[in-house]
Structure formats: structure tokens, C-alpha cells
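The first residue of the sequence shown is numbered 1, and numbering continues consecutively from there.
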Amino acid sequence: SDKRATVKPLAFVPPANWRGKGAVKQPPRERSVIRLPSYEQVKADPVLYAHANRVLHLETNPGNARCLVQAHGEGITARDVWVNPPPIPLTTAEMDLVFDLPYARSPHPIYADANGSHDGVTKIPAWEMIRFSVNIMRGCFGGCTFCSITEHEGRIIQSRSEDSVIREIEDIRDKVSGFTGVISDLGGPTANMYRIGCKSPEIESACRKPSCVYPGICQNLNTNHSALIHMYRRARALKGVKKILIGSGLRYDLAVQSPEYVKELVTHHVGGYLKIAPEHTEGGPLSMMMKPGIGSYDKFKQMFDKYSAEAGKKQFLVPYFIAAHPGTSDADMMNLALWLKRNGFRADQVQTFYPSPMATATAMYHSGKNPLARVTRQSHAVDIVRGEKRRRLHKAFLRYHDANNWPLLREALKMMGRADLIGNGKHHLIPTFQPVTDGNYTSARRKNSTVVRSGRVLTQHTGLPPRKKK
């Protein structure tokens, strides 16, 4: 017969344990995965790249993160890459177990000289920086977009016990050669997040926010610094310890929540200068960085100056700033330069934004989109600082005092309609005259880098000699 079979669509019957209201039902979260756009798609499409980055950063809480799946390749080489959720944070006991292992506390012997030391030509600057420092915690809940610490160490703070930290300081005192009584740092990814976290485990496990301190400090965040203060006091009371310095980056918007901590820090743990990183003064770039407004810096500076005076010490803050970060306009950099001049800062070591793996700001740089909000082809575009000339201009604003930058700044200010800032008065940014200069700028890092000797290849940052041939 000529009868044709009736084709009916497949009826999908969801399992009884699927949850959700309305027409759309969802499987249990612990049994679901998220499929990202394929590797080929994100490679070819910057918008999909930004979308995938947003999804990745939303799935960073081990309490509710789902597995991520991404297709790679086609045909017989096709495969899925599976990314597990972040691991459950280590407990204090587990942290102590890891840090109490019998570490050598020295670079590999292959890099030592004939006497087994790391001085002279075998000196390793990167090692010297951490030689007498102690790591007290892991993780960061700051969520700064130019940083990927959350992806490396987690967003939930994992702290060692005070006893474990004290034991390590005693080990350094008793076993590490060259110790003069000064601990160079007692910190971690940040100086002052030790034992700080969410007040409620239930809220913490359900939270989807990328930061606990932006746009303001979460009302559920415990900001008590008492455990850290007690550790500082106990550490500096140890026999043979003359000074405990804090070299890790200070989260000053958290610090101002505890005046007692700021007083303790300023009175006992600052070696004349304290480096902090407001990164910018203007709202546009700060919102793209997920950093607090400059008002937090002003409040911290007032407390810093007050407690320094009470301690009878002349101490200074050294603020760090970023040039050319996504979302930064030329006018933003001009306003930052005016702020620097008004406050008497002349920055020498400055940093220009450079895209780094996994950071949200890198996705902004590549795509021109803002992954902090829902990404679509019509979503708001981010001002990206590209091209050598514009990147040089943004850096020049940070170094407004360098005569080599004045010709570029004069040209830019005129094009911006701000020629009123060119003059020889105190309210002007740069002068009208041009001294004789070589037109070049050598960074402090390059000035201080190890000189390369004939027959020896050294890196700029480590100064490592070549490995000895066996």
C-alpha cells in the first residue's frame, strides 16, 4: 500500500526529581553542567570569548559551581574538555599539615655556587624577596578584574593556625642562614584577609557575587581583624625577632573597618613606606577593575597619618596606579595626573595594563565587551586602549614630571581642549618650555637589573646563571 508512517516528535518526559516552576524545568544543580561555546567559536568570535569568560568567573564558588564542558575539534579528533568545579577549601588543620612539611627553605642546589650558597653571581632576586617571608593564608575575595588569584587559589580564605605561623618564624630564625631578625612579610595574596570570610556558611555556599568588597563591603562579610592583630603581637614578641614587616598588598577598604588594626600596622609593621594600590582615581576605570573609589584611600591615609604621628614616626604611603586599563579614557588619565601632582606624587615605577591569562580584564581587552554584566552583541562597549602611541600617552600621564613625556602630553592636551593645563604655574600640569633631554626613559627595574656578562645568559627578573653541565 501507499500508506506512509506518521512521524511524531519525540516526547521528553523529565525525571520526577527535576526542580523548577513554570514551563522550564531544571535538573538538580549538582547533576548539571554548563556547555561553553566551543574552542573554535571563542577563538573566532570575541563576543563569545567574553561570554565564556563571564560564565567561567561565575562558577568559582565551590559551594554552587557547576562543571564546565567545552568542545574542541571536529570529526575523529573531536573531544570535550571537562573542567571540574573548584575544590572545597582546605581546613586550617589541612593548611597546617601542608605548611609544616620539612621544606628546604632554599633554592635547588643546582643553582648554588661551589660553597653551596646563593650569593654573588648565583644570587636569585626572586628568592631574596621571599627568603624571610611567611605565607599565612590562601585565596582572595577581592575579585579585581586584572588579577586571577581567585582562579588559582579560590575566593574563600584558607588560613593557617597561629601556632603554625609562629613555628615557621622560629624555623626561619633558627635554620635559615643570613637571618638578621627581620621577617620581610607576614601575609599572602593580600595582607589582611586572614580569618576573614562570610558570617553564614549557608549564604557563602549559595553566593554568586564575584567580589565580597565591590561595589561595597558585603553586609554578610566578617571584617574582624582581631586574630591578625594577636598574631602580629605574638610574632614580634619572639626572641631573636627584631621586626615584622608587612610586604603583601593591603586591602585598605577592609583595613579602615578596624582602626585598631590600622594603628597596630602603622605603629609596628611599616618600614617607613607602605605600598598600597588604589590603581586609579576615576570612577570609569575603577568600575572596570572592581576597585573601591578613591574616597577609601583618602580615609585610610587620614588614619595612616594620624597613627604615624602618634607613634612619632615619619612614614609615607606609596600608591600604585595602572595606565591603559580597559575602560580608561584619555581624560581619566589626565585627571589622575592632576591628582598625582596635587598630592605631590612623582611615580617612578609605573605599570601599563598587560593582558594576562584568565583575568576578566583580559577578556575586556580582547573583546571590547564587559563580562561583569550580561554579554550580548548589543551590550555596552568598553573603551580599550590600543596602539603604541595611546598606551604611551596613558603611561606618560602617570609620569607627567618626566621631561621626555612633555612633547607627547602637550600635543594630547591641545587635542583634548585642555591647553589651559600647559604653563609654568603650580596649577599647570606641564610647563611650556622643553629642556634638553635624550628623549628616552629607562625604568627603575631595567636600571637595577643584573648586568649580562660575556658567556653568561641571565634573565631580567631572576639573574639565574645557566645550569651546570653534568
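- Not one N or O on the side chain of Thr362 forms a donor-acceptor pair closer than 3.5 Å with the backbone of Met358.
- When side chains are defined from C-beta on, Tyr273 does not count as touching Gln315, because their heavy atoms never get closer than 4.5 Å.
- Under the 4.5 Å side-chain criterion, counting only non-hydrogen atoms from C-beta, Asp332 is in contact with Ser329.
- Side chains of Asn84 and Trp82: a donor on one and an acceptor on the other come within 3.5 Å.
- Evaluation of the side-chain hydrogen bond (donor to acceptor under 3.5 Å, both in side chains) test over residues 289-299, restricted to residues two or more places apart or in two chains, returns none.
- No side-chain donor-acceptor contact under 3.5 Å links Asn61 and Arg208.
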Run the ring-ring contact (aromatic ring centres under 6.0 Å, His included) check on His280 and Phe321 step by step: do they pass? CA-CA 6 Å; His280 218 285; Phe321 297 94; 7.2 Å; no

Test Lys239 against Asp174 for salt bridge (Lys or Arg N to Asp or Glu O under 4.0 Å), laying out the working first. CA-CA 11 Å; Lys239 183 179 179 180; Asp174 300 337; over 6 Å; no

Under the criterion side-chain hydrogen bond (donor to acceptor under 3.5 Å, both in side chains), I'd like the reasoning laid out for His230 against Glu162: C-alpha separation, chi angles, the key distance, then a yes or no. CA-CA 9 Å; His230 189 271; Glu162 185 180 290; 2.8 Å; yes

Would His394 and Asp330 count as a side-chain hydrogen bond (donor to acceptor under 3.5 Å, both in side chains) here? Give the steps. CA-CA 7 Å; His394 280 216; Asp330 297 352; 2.7 Å; yes

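- Ring centroids of Tyr232 and His269 are separated by less than 6.0 Å, placing the two rings close together.
- For the pair Arg251 and Cys144, the minimum side-chain heavy-atom distance is below 4.5 Å.
- Partner of Lys199 under the side chain to side chain contact (heavy atoms under 4.5 Å, CB included) criterion, out of Asn224, Asn222, Thr223, Leu221: Asn222 alone.
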Criterion side-chain hydrogen bond (donor to acceptor under 3.5 Å, both in side chains) on His268 and Arg233, from CA distance to verdict: CA-CA 9 Å; His268 300 286; Arg233 291 173 177 171; over 6 Å; no

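- Classified by interplanar angle (parallel below 30°, tilted 30° to 60°, perpendicular above 60°), the ring pair His325/Phe146 is perpendicular.
- Taking a cutoff of 4.0 Å between a charged side-chain nitrogen and a carboxylate oxygen, Glu94 and Arg160 do not qualify as a salt bridge.
- Taking the charged nitrogens against the carboxylate oxygens, Glu168 and Arg105 do have a contact shorter than 4.0 Å, which makes a salt bridge.
- Residues Phe316 and Ser308 form no side-chain contact, since every pair of their non-hydrogen atoms from C-beta on lies 4.5 Å or further apart.
- Asp171 has a carboxylate O that lies under 4.0 Å from a charged side-chain N of Lys175, or vice versa, which qualifies the two as a salt bridge.
- Residues Ser159 and Arg195 form a side-chain contact, since some pair of their non-hydrogen atoms from C-beta on lies under 4.5 Å apart.
- Lys395 contributes no side-chain N or O that, together with a main-chain N or O of Ala323, makes up a donor-acceptor pair within less than 3.5 Å.
- Between Tyr111 and Trp127, the distance from one ring center to the other does not fall under 6.0 angstrom.
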Quick one, Ser258 with Glu260, criterion side-chain hydrogen bond (donor to acceptor under 3.5 Å, both in side chains). Give me CA distance, side-chain angles, the key distance, then yes/no. CA-CA 5 Å; Ser258 174; Glu260 183 186 8; 5.3 Å; no

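- In this structure, Arg138 forms no cation-pi arrangement with Phe99, as its terminal cationic atom is not both closer than 6.0 Å to the ring centre and no more than 45° off the ring axis.
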ring-ring contact (aromatic ring centres under 6.0 Å, His included) assessment of Phe179 paired with Phe132: CA-CA 7 Å; Phe179 181 64; Phe132 306 116; 5.6 Å; yes

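- When atom types are taken as modelled, the side chain of Ser211 and the backbone of Gly142 share a donor-acceptor pair closer than 3.5 angstrom.
- We find that Lys314 and Asp305 are not joined by a salt bridge, their nearest charged nitrogen and carboxylate oxygen being 4.0 Å or further apart.
- The shortest side-chain heavy-atom distance between Cys140 and Met193 falls under the 4.5 Å cut-off.
- With hydrogens and angles left out, the side-chain atoms of Ser164 and Asp100 include a donor and acceptor closer than 3.5 Å.
- Counting heavy atoms from C-beta outward, Met137 and Thr190 have side chains that approach closer than 4.5 Å.
- At a cut-off of 3.5 Å, with distance as the only test, a side-chain donor of Ser148 or His152 sits close to an acceptor on the other residue.
- Looking at Glu128 and Arg131, a side-chain N of the basic residue comes within less than 4.0 Å of a carboxylate O on the acidic one, giving a salt bridge.
- The shortest side-chain heavy-atom distance between Lys369 and Val382 does not fall under the 4.5 Å cut-off.
- In summary, the side chains of Glu59 and His57 do not present any donor paired with an acceptor at a separation below 3.5 Å, with no hydrogens or angles considered.
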